[in-house]
Asker: 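Pasting a structure here, questions to come.
Heavy-atom basis, side chains included; hydrogens, waters and symmetry copies ignored.
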Amino acid sequence: MTLWGAIKGRNGKVYAAGFIYTLNLRNGLLRPFSLITNGTRRHQEIPVLRDELKRENRTKNSTQKCLYVYDKAVTDYAFWNNQIEHGNLMISVLKENSVATFVESIHFDTSHELNTGIESYSTYENNGIRFSIVNYRDPETKKLHRFITTLPGSINPGTIAMLYFKRWTIEKAFNNSKSNLKETKAWSSDNNSLKNQMRLTAMSYNLLRTVEELSKIQDPELIHPSDKKYTEDLEKRQQAAKKRGGFVNPLFFNERIARISSYTIRAVQNAIMTGKSLSSFINALVAKLVPRVNQIGEH
């Protein structure tokens with residue numbers, strides 16, 4: 001995720017001070033990754049991302065693997081091939097003008113629900129560098145999506161496709177930083193101040209995320225209202241897709257990283273201002289939960 005805040009540079013021009021955050025797709029927690037620019041001059045996001053990864057590689061344990069799910073701007077065959085030895089792997093969308101040579105097909109279980117919509121899984125090569133390409137056709141819209149990855153061929157292609165779709169679903173979650181945490185303006189042109197801004201934003205977001213997730217697990221029979229609405233919307237899409245001869249990929253009915261609700265944010269703010277105990281405002285959040293929706297999901 002990249003966030004920008006306007007600030008005027010020394011030449012009088014207004015540039016955007018930018019930050020890169022990473023969101024953990026397992027737990028939904030935010031990490032301040034890198035400052036792109038302090039706003040005094042223009043700078044591009046992707047070179048900063050690469051430089052930060054190289055810096056982290058110097059101190060990182062190479063046995064610790066990190067998977068970066070990014071948009072197609074990040075695609076650079078040579079760079080990501082080099083990152084494999086450092087445990088950094090990538091999933092992205094294949095650029096329309098990409099040039100690569102087919103090498104071989106990769107076997108996968110076509111009957112497994114996880115691989116719903118997968119048309120092909122193959123190894124390709126560009127200038128001696130090999131990578132995998134997944135062709136996924138959405139059974140709901142019939143649209144073809146092509147994903148590129150440096151993950152090993154032992155990984156299910158359906159997992160690769162769903163991980164990228166998870167990136168799409170968290171865009172609303174990122175909206176919390178701008179809408180609720182008001183990170184629309186840089187605090188300063190000083191690099192240390194901007195790095196502190198990133199840290200405090202991430203700390204605030206993670207506190208809110210943790211509180212909301214804690215409230216959701218208090219009663220397994222109840223779910224958050226936003227999750228109920230999401231499931232109901234999926235059911236509507238499912239019925240519409242069936243009329244067109246398609247269906248919604250059943251994996252979309254699984255757990256997701258949702259936007260933190262406005263009610264949770266207000267409850268935490270009030271608890272901090274009034275000195276309310278953790279248990280009391282967790283109970284207030286639990287009181288807002290609703291019964292689970294009976295999922296159809298089959299096709």
Asker: Answer whether the closest heavy-atom distance between the side chains of Tyr263 and Glu212 falls below 4.5 Å.
Answerer: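 Answer no - side chains too far apart.
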Asker: Quick one: does Asn115's side chain have a donor or acceptor within less than 3.5 Å of a partner on Ile118's backbone?
Answerer: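 Here the side-chain-to-backbone pair does not exist.
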Asker: Could you tell me whether the side chain of Asn126 and the main chain of Val99 form a donor-acceptor pair under 3.5 Å?
Answerer: yes
Asker: Using the rule given for side chain to side chain contact (heavy atoms under 4.5 Å, CB included), can you reason through Ile223 versus Tyr230, listing the C-alpha separation, both sets of side-chain angles and the distance that settles it, and then say yes or no?
Answerer: CA-CA 11 Å; Ile223 60 173; Tyr230 175 74; over 6 Å; no
Asker: Any heavy-atom pair between the side chains of Thr101 and Tyr124 that's under 4.5 Å?
Answerer: no
Asker: Could you pull out the closest heavy-atom pair between Pro291 and Leu222, with the gap in Å?
Answerer: N-CD2, 3.8 Å
Asker: A side-chain contact here means heavy atoms from C-beta on lying under 4.5 Å apart; do Lys195 and Phe19 qualify?
Answerer: no
Asker: Between Lys276 and Asn270, is there a side-chain heavy-atom distance shorter than 4.5 Å?
Answerer: no
Asker: Side chains of Phe147 and Leu163: closer than 4.5 Å at any heavy-atom pair?
Answerer: no
Asker: Evaluate the side chain to side chain contact (heavy atoms under 4.5 Å, CB included) criterion for residues Leu251 and Phe165: first the C-alpha distance (whole Å), next the side-chain angles of each, then the deciding distance (0.1 Å), finally the verdict.
Answerer: CA-CA 10 Å; Leu251 298 181; Phe165 284 123; over 6 Å; no
Asker: Using a 4.5 Å cut-off on heavy atoms from C-beta on, say whether the side chain of Phe253 contacts that of Gln238.
Answerer: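 Heavy-atom side-chain distance check passes, below 4.5 Å.
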Asker: For His86 and Asn88, indicate whether the former's side chain and the latter's backbone hold a donor-acceptor pair under 3.5 Å.
Answerer: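 Such a contact is absent between His86 side chain and Asn88 backbone.
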Asker: Under the ring pair (Phe, Tyr, Trp, His ring centres under 6.0 Å) test, which residues partner Tyr77, sequence neighbours left out?
Answerer: Phe131
Asker: Strictly by modelled atom types, are Arg209 and Asn206 linked by a side-chain donor-acceptor pair under 3.5 Å?
Answerer: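 Not at all, the side chains of Arg209 and Asn206 share no donor-acceptor pair under 3.5 Å.
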Asker: Is a side-chain donor or acceptor of Ser92 paired with a backbone partner of Tyr70 at a separation under 3.5 angstrom?
Answerer: yes
Asker: Is it the case that the side chain of Glu125 and the backbone of Val103 share a donor-acceptor pair, with hydrogens and angles ignored and the cut-off at 3.5 Å?
Answerer: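 No: the side chain of Glu125 does not pair with the backbone of Val103.
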Asker: For Thr141, is there any backbone N or O sitting under 3.5 Å from a side-chain donor or acceptor partner on Arg244?
Answerer: no
Asker: Can you tell me how far the NZ atom of Lys72 sits from the CD1 atom of Ile148, to the nearest 0.5 Å?
Answerer: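 Nearest 0.5 Å value for the NZ-CD1 distance: 12.5 Å.
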Asker: For Asp51, is there an ion pair with Arg55 - N to carboxylate O distance below 4.0 angstrom?
Answerer: no
Asker: Check whether any side-chain heavy atom of Arg146 lies under 4.5 Å from a side-chain heavy atom of Ile133, and answer yes or no.
Answerer: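 Arg146 vs Ile133: side chains touch.
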Asker: Is the ring centre of Phe33 less than 6.0 Å from the ring centre of Tyr21?
Answerer: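 Not under 6.0 Å, so no.
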Asker: Looking at Thr150 and Met90, would you say the former's side chain and the latter's main chain have a donor-acceptor pair under 3.5 Å?
Answerer: yes
Asker: Report the C-alpha distance between Leu114 and Met162 in whole Å, list the side-chain angles of each, state the deciding distance to 0.1 Å, and finish with yes or no for side chain to side chain contact (heavy atoms under 4.5 Å, CB included).
Answerer: CA-CA 9 Å; Leu114 191 62; Met162 279 300 117; 5.6 Å; no
Asker: Would you call Lys229-Glu232 a salt bridge at under 4.0 Å N-O?
Answerer: no
Asker: Output, in order, the C-alpha distance, side-chain angles, deciding distance and verdict of side chain to side chain contact (heavy atoms under 4.5 Å, CB included) for Trp80 and Ile129.
Answerer: CA-CA 10 Å; Trp80 286 106; Ile129 298 171; over 6 Å; no
Asker: I'd like to know if the side chain of Asn156 reaches the main chain of Gly158, judged simply by a donor and an acceptor atom lying under 3.5 Å from each other, with no hydrogens or angles considered.
Answerer: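 Between the backbone of Gly158 and the side chain of Asn156 there is no qualifying donor-acceptor contact (under 3.5 Å).
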Asker: Between Arg31 and Glu56, does at least one N-O distance fall below 4.0 Å, as a salt bridge requires?
Answerer: yes
Asker: Under 3.5 Å, is there a donor-acceptor pair between the Gln83 and Asn57 side chains?
Answerer: yes
Asker: Say whether, by atom type as modelled, one donor and one acceptor occur between the side chain of Glu235 and the main chain of Thr231 under 3.5 angstrom.
Answerer: no
Asker: Just by distance, with hydrogens left out, do Asn135 and Glu119 show a side-chain donor and acceptor under 3.5 Å apart?
Answerer: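 The criterion, which ignores hydrogens and geometry beyond distance, is not satisfied for Glu119 and Asn135.
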Asker: Are the charged groups of Arg292 and Asp227 less than 4.0 angstrom apart, N to O?
Answerer: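 Looking at Asp227 together with Arg292, the answer is no, because their closest N to O distance does not fall below 4.0 Å.
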Asker: Restricting to side chain to side chain contact (heavy atoms under 4.5 Å, CB included), what partner residues turn up for Val211, sequence neighbours left out?
Answerer: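 Listed in chain order: Leu207, Thr264, Val268, Phe281, Ile282, Leu285.
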Asker: Side-chain donor-acceptor pairs under 3.5 Å in residues 104-111, sequence neighbours left out?
Answerer:
| residue | atom | partner | partner atom | Å |
| --- | --- | --- | --- | --- |
| Asp109 | OD1 | Ser111 | N | 3.0 |
| Asp109 | OD1 | Ser111 | OG | 2.6 |

